[in-house]
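Chain A is the first sequence line, chain B the second, and so forth, proteins listed ahead of strands; every chain is numbered from 1. This is a predicted model, so every value here is computed, not measured.
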Amino acid sequence: MASGVKPRVKVPKTAAAGSSITIKTLISHKMESGRRKDKAGELIPRSIINRFTCEFNGQSVIEVIMEPAISTNPFLEFDATVPEAGEFKFTWYDDDGDVYEASKSVAMA
Amino acid sequence: MELTRRNALAIGAGAFAATILPFQAFAAADEAIAAFTGGADVGEGGITLTSPEIAENGNTVPVSVEAPGAVSIMLLAAGNPDPAVATANFGPLAAKQAVAMRIRLAGSQDIVAVAKMADGSFVKTANAIKVTIGGCGG
């Protein structure tokens, strides 16, 4: 599942020091659960993103372990504190070893 | 159908299986909770699970969970073939111990959220969701 995976992240461009901001992330991925069958009746093997992390200037904001019960195109929304200007780094880990990354910088308002 | 001894036994076995199956599903969820808590007592309160009462499409059910002061939150769907849904671990920069996501539900069931608090205690809450079309695909 290395093709067609596109991470999208929504982060405010500026924030006041120490304030909290809401971050929304979406990554296009079919999140094959491993329980569906194809037309021939064969099980389609599991292929999901199993882990997501968000860091700000190297400090962890959130880590989410995902199971097959997460919907197609996994969407996550959470709140982060912004102590200073810097960069959010988002990482998704695929079952097949692929790693998808996105980053967004935030300036002080 | 004539009620012979063989048929009566078959019906009885079927009814027995029907009563025992939901218990197995819940047992799997209970096992997952026990693995998360390490067998510790699980309290109530201090955790909010927001979910729709009725979900038309079990493929994407929006849920959000918030537990102020939690270090991690585990979300379970007790009626799914595999009850684990997701586990969120909050870092020092999480402004709120809250996360929203979209999940798959196989059918109408209870979803359970268990939070591990900073002091090592555990709280849980559960919500019932009615699902019109299950999300397991065929």
Which one of B/A100, B/A88, B/A86, B/A77 has the most heavy-atom pairs closer than 4.5 Å to chain A? B/A100
Heavy-atom pair count under 4.5 Å with chain B, highest-scoring of [options]:
options                    : result
A/R51, A/M31, A/M66        : A/M31
A/N73, A/I70, A/V64, A/N50 : A/I70
A/F75, A/F52, A/F56        : A/F75

Measuring from atom [atom1] of [X] to atom [atom2] of [Y], what distance do you get when rounded to the nearest 0.5 angstrom?
X     : Y     : atom1 : atom2 : result
B/E66 : A/F78 : CD    : CZ    : 14.5 Å
B/S64 : A/L76 : OG    : CG    : 12.0 Å
A/F88 : B/L93 : CZ    : CG    : 7.5 Å

Atom [atom1] of residue position [X] - does it have more than 12 heavy atoms of other residues, nucleotides or ligands inside 6.0 Å?
X      : atom1 : value
A/E87  : CD    : yes
B/D119 : CG    : yes
B/E53  : CD    : no

Transitive ILVMFWY side-chain link [X] to [Y], under 4.5 Å:
X      : Y      : result
B/V112 : B/V123 : no
B/V61  : B/I111 : yes
B/M101 : A/Y93  : no
B/V114 : A/I65  : no
B/V85  : B/I33  : no

What's the shortest heavy-atom distance between [X] and [Y], and which atoms?
X     : Y     : value
B/A94 : A/V61 : CB-O, 3.4 Å
A/A69 : B/A84 : CB-O, 3.7 Å
A/Q59 : B/P92 : NE2-CG, 3.5 Å

Do B/D82 and A/R35 touch side chain to side chain, with heavy atoms closer than 4.5 Å?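 A side-chain contact under 4.5 Å exists here.
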Taking C-beta and beyond as the side chain, do A/S71 and B/N59 meet within less than 4.5 Å on heavy atoms? no
Per-residue contact mode, A/L26 against chain B (heavy atom under 4.5 angstrom): side chain
Side chain from CB out, backbone as N, CA, C, O: work out which of these in A/T72 comes under 4.5 Å of a heavy atom of chain B, or both, or neither.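 Both backbone and side chain.
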Donor-acceptor contact present, side-chain B/R104 to main-chain A/P68, <3.5 Å: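 Yes.
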So A/I62 and B/N89, side-chain contact (heavy atoms from CB on, under 4.5 Å) or not? Walk me through it. CA-CA 6 Å; A/I62 192 171; B/N89 301 313; over 6 Å; no
